[in-house]
Student: 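This is the structure I want to talk about, given as structure tokens.
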Amino acid sequence: QLNATVSVNGECREVVFNGRTFGMHELGMTISSIVTHQIQYNYFTDDGYVLTFTLTYFNNDQKKILEDVMRSLTFFN
């Protein structure tokens, strides 16, 4: 049997990447004895779509790398 728990860490908030405003929330997950962390970024497009980026990591070094990737994204209309 798989034991899994999920916790929401803090409130949803807005963040800006390269001029685009995303909704963001952080989650913690424990599956059996493995602890992972996730950050989800959601962007609502003008034509009704939602883009979701989910960053999953095990430690702060990995989190920093993934956040740097998010900051490097360029969006075009």
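Remember, predicted model here, so these are calculated numbers, not experimental data.
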Student: I'd like to know if R71 and D68 make a salt bridge, using a cut-off of under 4.0 Å between side-chain N and carboxylate O.
Tutor: yes
Student: Are M24 and N42 packed together at the side-chain level, in the sense that at least one heavy-atom pair is separated by less than 4.5 angstrom?
Tutor: no
Student: Hydrophobic clustering (ILVMFWY, side-chain heavy atoms < 4.5 Å, transitive) - are V15 and M70 grouped together?
Tutor: yes
Student: Any non-hydrogen side-chain atom of Q62 less than 4.5 Å from a side-chain atom of N59?
Tutor: yes
Student: With side-chain hydrogen bond (donor to acceptor under 3.5 Å, both in side chains) as the test, would you mind laying out the steps for Q38 and T54 before giving the verdict?
Tutor: CA-CA 7 Å; Q38 281 191 343; T54 302; 5.5 Å; no
Student: Only pairs at least two apart or in different chains count here, so list each ring-ring contact (aromatic ring centres under 6.0 Å, His included) that has a residue in residues 4-26.
Tutor: F17-F22, F17-Y41, F22-Y43, F22-F75
Student: Do L66 and I39 sit in the same hydrophobic cluster, where Ile, Leu, Val, Met, Phe, Trp and Tyr count as joined when their side-chain heavy atoms come under 4.5 Å apart?
Tutor: yes
Student: Drop me the distance from T45's OG1 to L51's CG, to the nearest 0.5 angstrom.
Tutor: 6.5 Å
Student: In chain order, what residues pass the ring pair (Phe, Tyr, Trp, His ring centres under 6.0 Å) check against Y57, with sequence neighbours excluded?
Tutor: H37
Student: Filter on salt bridge (charged side-chain N to carboxylate O under 4.0 Å, His left out), then keep only pairs touching residues 31-45, sequence neighbours left out; what's left?
Tutor: none
Student: Sequence neighbours left out, what pairs pass salt bridge (charged side-chain N to carboxylate O under 4.0 Å, His left out) with at least one residue falling in residues 2-17?
Tutor: R13-E26
Student: Please report the shortest heavy-atom distance between L55 and E67, naming the atom on each side.
Tutor: CD1-N, 4.3 Å
Student: By the rule that ILVMFWY residues connect when side-chain heavy atoms come within less than 4.5 angstrom, directly or transitively, which residues belong alongside I34?
Tutor: F58
Student: Under 3.5 Å, is there a donor-acceptor pair between the N18 and T74 side chains?
Tutor: no
Student: Output the rest of the hydrophobic cluster of F44: all Ile, Leu, Val, Met, Phe, Trp and Tyr residues reachable through side-chain heavy-atom contacts under 4.5 Å, sorted by chain and number.
Tutor: V50
